[in-house]
Amino acid sequence: GAVVSQHPSWVICKSGTSVKIECRSLDFQATTMFWYRQFPKQSLMLMATSNEGSKATYEQGVEKDKFLINHASLTLSTLTVTSAHPEDSSFYICSAPIVRAEAFFGQGTRLTVV
Amino acid sequence: AQKITQTQPGMFVQEKEAVTLDCTYDTSDPSYGLFWYKQPSSGEMIFLIYQGSYDQQNATEGRYSLNFQKARKSANLVISASQLGDSAMYFCAMREGRYSSASKIIFGSGTRLSIRP
């Protein structure tokens, strides 16, 4: 099956700094990637859809300037949390478009802002 | 309006027993797909099973089966002969519309399953 690699798996950063999370499709080309956020004991909430070669599509209520998404190539999508604050601490996970009947997820990134 | 509803926040089951995790959904699109994912404490999302809206038979994958009742808009996951390693969070999810590279998946609130030895 398709493999999606997400890096880093965990990160601790100081309040006010920016953090970049990478999501790579290893054995296929992805024109689209999805980014989710999951708070503890809650469900996955779709934040945005990254589109190769064009602007990302953000879900309602997600701050575009806060969560910068770039889809630089057919194998790489990045999410940058800018000027991070403790309330941004969460689990972020990307997924590749559905191939046949399955969506493939990265391993996830646990972000802690102190 | 919530599209995927999982009414069981948590469940405890004795090892080797079968367990059913409930999921109901809401959509007006005749074409859709339903998924179940398992999320252990590590956070990774493990795909379990898929059911397409036009599939005539209920999906099965090893110990997992999906009880698809289209008229009732329910897609319950059945795990037979539960094992200790089945303890995890389980999410029901849905894709609306025909598959495309832009197809989004939305998730239910999840059910935490705990298997007792």
_Residue B:Gln39 versus chain A: region with a heavy atom under 4.5 Å_ = side chain
*May I ask you to check whether A:Phe105 and B:Tyr37 place their ring centers less than 6.0 Å from one another?*
yes
*Might you confirm whether atom CD of B:Gln57 has over 12 heavy atoms from other residues, nucleotides or ligands at distances under 6.0 Å?*
no
*Considering only heavy atoms, which portion of A:Leu44 lies under 4.5 Å from any heavy atom of chain B: side chain, backbone, both, or neither?*
both
*Side chain, backbone, both or neither: which part of A:Gln6 has a heavy atom under 4.5 Å from chain B?*
neither
_Plane angle bin for A:Tyr92 and A:Phe67 - parallel if under 30°, tilted between 30 and 60°, otherwise perpendicular_ = tilted
*Is there a path from B:Ile106 to B:Tyr90 through hydrophobic residues (I, L, V, M, F, W, Y) whose side chains come within less than 4.5 Å of each other?*
yes
